[in-house]
Amino acid sequence: MDILNQFGINPVLLAAQVVNFLILLFILKKFAYGPILKVLDERKKTIADSLKNAEEIEKKLALTEEEKEKILAKTSLEAQKILDNTKKEIEVMKEEGKHQAEAMAAQIIKKGKEEALAEMEKRQQEFMAGVAEIVAIAVEKVVGKVLTKKDKEELVAKSIRSLQ
Amino acid sequence: MEQEIVLKPEILGFFHSFPVTNTLFTSWIVMSVITIITIILAYSIKTIPGTLQSLFEIIIDTGYSTVEGLAESKSKVFFPFVMTFFFYILFSNLLGLFPGFGTITFKGAPLLRSMNSDLNMTLGLALFSAFMTHFFAIRYLGFVDYLKKWFTLNPIFLFVGILELIGEITKIVSLSFRLFGNIFAGEVVLSTVSSIFAFIVPLPFYFLEIIVGFVQAAVFMMLTLVFMVILSEKHGAEQHS
């Protein structure tokens, strides 16, 4: 094998190169390939997770937005209802107040009338008493005798009765 | 300065009876460079990568997806071998372009010489690549199926199988000589151009050599990968039926 000799092939050197390679293989596998591939894998996973999360968040956001809209619509509807109810109630209350006021006024009027009537009666009675007195005095004068108290009263009662 | 072109690596000295050539010495330097970078890398690995980590992530991720595309389920096993071929050859090729290579002499011989400009080194890699290829083939196919790849009773397929067996030897030759030839030629060109005019003129050739160094590393890696995948694949189905 002259050609091998020309190239200086030496089995020991071939073996040395193989050993070199094996050492490098071991070092690179342990310190470079393993850790880096692991990190790359982890990063891939993290990115995938993040993307998934982002999607979910977006979905949730959309859902929340929808719910918000719904709630807002519902709320405004309810508010409208409450407003309507209140208006109705106010109307009713107004009506009631009016009725009450009318009733009260009627009562007051009635009471006034009664009072006025009572007053008039009283006045009348007083007036009658006055008249009786006068009558008694006149009778005294005419009859010329002093009436006893009992006679007077009788007379007054009689005259009042005739007046009524 | 006239430099003679020698195919043989120069022997710097003997360690006991073990010859230490300048290319072997360079391979140790390459190894230590890779080891140092790797250890720095290993201790700085974080989820949020730094510059060094990003660079290696790009290379390793690209390499891994390439291996995965071809080897599929076996990629975890093939990847470290294939990637280490790439790194080893790439670093030694690029380191061979540094100043001092071929110019610093030790006992009359250049102290440093680009690793792959020595057939010993490339043949060592090619032999190991072939060995692992066949090892994986036996591991994934079983010994009997592995033998059936080459030897069948059908005379035509037997002939084809024997041709392919010779092809396996050619693979080793082609892998080792391609790498050796490219880098050795690059060395020769660079030293020749430098001896004509040492300033500026060699620059384009340096750029060329950087590309060649990368391409050869990638070629070696891809070929090893493809050989591994092809040989450990069960395509015996068409032969049986």
Side-chain angles (χ1 to χ4, degrees), chain A residues 1-69 71, chain B residues 6-11 17-21 23-24 27-28 30-31 34-35 37-43 45-49 53 56-57 59-61 63-64 76 79-81 83-88 91-92 115 118-129 131-132 176-177 180 184:
Chain A
M1 295 293 247
D2 196 37
I3 186 163
L4 290 185
N5 220 349
Q6 260 182 339
F7 281 107
I9 295 296
N10 185 341
V12 181
L13 288 174
L14 293 180
Q17 176 71 334
V18 172
V19 170
N20 283 353
F21 182 81
L22 286 176
I23 294 169
L24 262 188
L25 176 70
F26 173 76
I27 291 168
L28 280 169
K29 195 176 177 184
K30 178 134 198 197
F31 294 109
Y33 307 149
I36 284 195
L37 285 177
K38 207 174 127 202
V39 164
L40 283 173
D41 244 28
E42 270 167 23
R43 194 172 311 142
K44 238 179 245 170
K45 225 193 232 164
T46 313
I47 290 170
D49 279 355
S50 306
L51 281 179
K52 217 165 127 198
N53 273 358
E55 217 169 89
E56 233 155 75
I57 287 168
E58 216 151 285
K59 237 189 244 168
K60 258 183 206 166
L61 204 74
L63 219 76
T64 315
E65 197 74 17
E66 217 171 276
E67 218 145 286
K68 199 179 98 187
E69 292 286 303
I71 288 172
Chain B
V6 273
L7 287 171
K8 282 185 190 179
E10 292 84 354
I11 291 169
S17 65
F18 178 77
V20 178
T21 61
T23 47
L24 189 63
S27 78
W28 290 340
V30 172
M31 277 173 69
I34 295 177
T35 306
I37 292 175
T38 308
I39 286 170
I40 292 170
L41 177 73
Y43 283 100
I45 280 184
K46 284 167 285 179
T47 319
I48 298 160
Q53 197 186 334
F56 272 81
E57 269 178 13
I59 299 171
I60 288 176
D61 197 32
Y64 192 76
K76 274 233 151 59
F79 174 70
F81 290 93
M83 205 68 217
T84 308
F85 276 124
F86 178 76
F87 275 128
Y88 193 24
F91 272 79
S92 56
M115 187 185 88
D118 171 13
L119 190 63
N120 276 308
M121 300 288 126
T122 59
L123 190 59
L125 290 176
L127 278 173
F128 186 69
S129 155
F131 173 76
M132 285 320 294
S176 58
F177 269 94
F180 164 72
F184 186 76

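None of the values given here were measured: they were computed from a predicted structure.
In this structure, chain B has heavy atoms under 4.5 Å from both the backbone and the side chain of A:Val12. Heavy-atom distances place the side chain of B:Ile34, and not its backbone, under 4.5 Å from chain A. Interface remark: B:Leu125 contributes backbone and side-chain atoms alike to the contact with chain A (heavy atom separation under 4.5 Å). Heavy atoms closer than 4.5 Å to chain A are found in both the backbone and the side chain of B:Leu123. Only the side chain of B:Phe18 has a heavy atom closer than 4.5 Å to any heavy atom of chain A.
Using cut-offs of 30° and 60° on the angle between ring planes, the pair B:Phe81 and B:Phe128 is tilted. Ring pair B:Phe180/B:Phe177 is perpendicular by interplanar angle, where above 60° counts as perpendicular and below 30° as parallel.
Atom CD1 of residue B:Ile37 and atom CG of residue A:Leu28 lie 10.0 Å apart, to the nearest 0.5 angstrom.
Your options are B:Asp118, B:Ile11, B:Ile60, and the one with the most heavy-atom pairs under 4.5 Å with chain A is B:Ile60. When the candidates B:Tyr43, B:Phe131, B:Phe79 are compared by the number of heavy-atom contacts under 4.5 Å with chain A, B:Phe79 comes out ahead.
Contact of the B:Tyr88 side chain with the B:Met115 side chain is registered, since non-hydrogen atoms from C-beta on lie closer than 4.5 Å. In this structure the side chain of A:Ile23 reaches within 4.5 angstrom of the side chain of A:Ile27, judged on heavy atoms. Looking only at side-chain heavy atoms (C-beta outward), B:Thr84 and A:Tyr33 come within less than 4.5 Å of each other.
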Under 3.5 Å, which donor-acceptor pairs do the side chains of residues 48-58 of chain A form with other protein atoms, sequence neighbours left out?
residue : atom : partner : partner atom : Å
A:Ser50 : OG   : A:Thr46 : O            : 2.7

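For residues 35-42 of chain A, a heavy-atom distance under 4.5 Å to chain B picks out A:Pro35, A:Ile36, A:Leu37, A:Val39, A:Leu40, given by residue number.
Pairs of residues two or more places apart, or lying in two chains, never qualify as ring-ring contact (aromatic ring centres under 6.0 Å, His included) while including a residue from residues 35-58 of chain A.
Judged as a side-chain contact (heavy atoms from CB on, under 4.5 Å), and not counting sequence neighbours, the contacts of A:Phe26 are A:Lys30.
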